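Predicted model, so just to flag it, every value in this text is computed and none were measured.
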Amino acid sequence: MESPSRTHDSATGAPPPPAERAARPAVPAPPGPGARRAFLTLLGVDLWERFSFFGMAAILVLYLTAAPADGGLGMAPQTATAVFATYMSSSFIAGLPGGWLADRVLGARRAVLAGGGLIAAGHAVLSLTSATALYAGLLLIVVGTGLSKPSLAAMVAAVSGPERREAAFSRFYMCIQVSALVAPVVTGVLAQRVAWHLGFAVAALGMAAGLAQFGLGMRAFAGTGRGPVRPLARTEAAAALRRAGAVLAVAAAAVTAVSLGALPLTALLAVLGLVTLTLPFLYLRALRRRTSVGGERLSAFTAVMGASAAFWMIFAQSGSVLTLFAERHTDRLVLGFDVPASWLQSAHPLFVLLLAPFVTRLRGGVTTKVAGSLGVAGLSFVVMAGAAFLAREQRVSVAWLIGVYLLYSLGEIVLAPAGLALAAAVAPPGFANRFLALNGMFAAVGVVLGGQLYRLTSVLPLPVYFLLMGTAVLAIGAALAARAPRLRPALPE
């Protein structure tokens, strides 16, 4: 079956003119100066957005678990990791309504601007010193991320063209690791050596810089992202915005209730987790009726995306479970200097930058790439089981964590661009943002599972927890590899 991306631009919904289809060269021509400028502008705003995200992610769980006397909130580790996972998974889930609003109401450009503004405001609110500010700030960041991330990805796909889509996503993913490398160092030293809330404040400044850069470079996009791909009628658009406002009002009320103690935090986390686990599959059922994607292709897409969730279940615990392990069980003394636990989050993007030029040259179908990524991710937690076993007696060398970061960095370099490219290729005209959001929603399933499963450590020894998680992901990878011959014909490669 021919890929929709070969006959339509899945990001703009416009079919290429007949003359252009006939004249299209066998080897893609290099992008022109306008496309390069547009790509660099998008890269710039995402660099700053990722700076704010990774900077905050490096310190959030440490802040939540720190004693009140040290400026933290004093949460139990299991609750703090669940909050972290809920925040991350909600950011992914928010991409679904955010992508819909971009496709039908706002257009990609306005979605990026509005989303970036909300992210900057959220980090600014987090810099205030109260539990209410914590939940309100996280809510603003979730909404802003849901608006901006799918639209950024769709615009990258549009300015790159279908033939260069996966290569563009690979370069994009590699370059933004610069922010992921620097952000934990900057926010970590401010938060852990000066004051927690300074770490959140610098993330707000970074996002504001990204928005300024995006506005200055907007001319390079020409008509890309100027308006919605499939615009609603004015009255329908107004009704959609009213519904979005009502949902935000309910979310704000829930945040207020938790802040005031009227609603238990654990109950809210449980409800959000259940929504996260079910929503991607319910939405896919709806897409079967509303799009031209064949049932066989959509089933294969669902199988690959579902398997990829297991990778993100491992990956997302870097900012929570592994950060807590680094703080409590790892010897971080280097030449007399006690390295902040948050700084170890920079090891992962460093590996991505070093290895991506080599790993991205690997060839193979998307099922092979996802299965291999699951293999290295599962192996990383088997290694962590050994580290946790030794840590029962004394603090272990930081080399254990470095090895784990190396393993799942290899997996991420392969899996993340392939997943984005697959979602963009499967999407029919006018649905690009929503299929890209679906990719994020399946990642959210893995994130929330990891956050909730960590609660098992209250009854299981830490080495057993890591071993069970690692072997489960290895088994899923093996199952996907076994199904690859049946899935591959239905997917665009």
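R483 CZ: 12 or fewer foreign heavy atoms inside a 6.0 Å radius.
In this structure, the separation between CG on L42 and CG on L152 is 6.0 Å, given to the nearest 0.5 Å. Here the straight-line distance linking atom OH of Y135 with atom CG of L138 works out to 8.5 Å at 0.5 Å rounding. The distance from atom CG of L284 to atom OG1 of T302, rounded to the nearest 0.5 Å, is 4.0 Å. Expressed to the nearest 0.5 Å, how far CG of L467 lies from CZ of F381 amounts to 11.5 Å. The distance from atom CD1 of I413 to atom CG of L355, rounded to the nearest 0.5 Å, is 5.0 Å. Of the inter-residue distances, the one linking L422 atom CG with L438 atom CG reads 11.0 Å to the nearest 0.5 angstrom.
Contact check for F389 versus M384: no side-chain heavy atoms found under the 4.5 Å cut-off. In this structure the side chain of V473 never reaches within 4.5 angstrom of the side chain of F311, judged on heavy atoms. Within the 4.5 Å cutoff, the side chain of V398 has no heavy atoms near those of the V339 side chain. Counting only heavy atoms from C-beta outward, the side chains of V352 and H348 approach each other to under 4.5 Å. Inter-residue side-chain proximity for I141 and M56 is flagged as met; some heavy-atom pair is nearer than 4.5 Å. Side-chain contact check for L64 versus T81: every heavy-atom pair is 4.5 Å or farther apart. Side-chain contact check for F51 versus V186: some heavy-atom pair is nearer than 4.5 Å. Looking at L134 and L60, their side chains come closer than 4.5 Å, going by heavy atoms from C-beta outward.
Remark: L181 pairs with S346, P349, L350, L353 by the side-chain contact (heavy atoms from CB on, under 4.5 Å) rule, at least two apart or across chains.
The salt bridge (Lys or Arg N to Asp or Glu O under 4.0 Å) contacts involving residues 48-65 comprise E49-K149, where partners must be two or more places apart or lie in separate chains. Screening residues 259-282 for ring-ring contact (aromatic ring centres under 6.0 Å, His included) gives F281-F442 as the qualifying pairs, with residues at least two apart or on separate chains.
T187 contributes no side-chain N or O that, together with a main-chain N or O of A58, makes up a donor-acceptor pair within less than 3.5 Å. The closest donor-acceptor contact from the side chain of S52 to the backbone of A203 lies at 3.5 Å or more, if one exists at all. Side chain of S151 to backbone of S148: no donor-acceptor contact under 3.5 angstrom is found. A donor-acceptor pair under 3.5 Å is absent between the side-chain atoms of T79 and the main chain of M75, judged by distance alone. Remark: side-chain polar atoms of S90 are not paired, donor with acceptor, to backbone N or O of Y87 under 3.5 angstrom. A donor-acceptor pair under 3.5 Å is absent between the side-chain atoms of R110 and the main chain of G107, judged by distance alone. Under a 3.5 Å cut-off, the side chain of R332 and the backbone N or O of A326 do form a donor-acceptor pair. No donor-acceptor pair under 3.5 Å is formed between the side chain of R395 and the backbone N or O of D331. Checked by atom type and distance alone, the side chain of H197 pairs as donor or acceptor with a backbone atom of L128 at under 3.5 Å. A donor-acceptor distance shorter than 3.5 angstrom exists from the side chain of W196 to the backbone of D70, with no hydrogens or angles considered.
No side-chain donor-acceptor contact under 3.5 Å links S373 and E412. Between the side chains of Y408 and S318, a donor-acceptor pair is found at a separation under 3.5 Å.
Closest approach of L211 and G116 over heavy atoms only: CD1-C, 3.4 Å. Between G188 and W343, the closest heavy-atom pair is C-NE1, 4.1 Å. Of all heavy-atom pairs between A136 and V125, the closest is CB-CG1, 4.2 Å. What you find for L268 and A254 is that their closest heavy atoms are CD1-CB, 4.3 Å.
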Requested in this report: Could you walk me through whether I93 and L279 pass side-chain contact (heavy atoms from CB on, under 4.5 Å), step by step?
Outcome: CA-CA 8 Å; I93 291 295; L279 190 57; 3.8 Å; yes

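In this structure, R328 forms no cation-pi arrangement with F325, as its terminal cationic atom is not both closer than 6.0 Å to the ring centre and no more than 45° off the ring axis.
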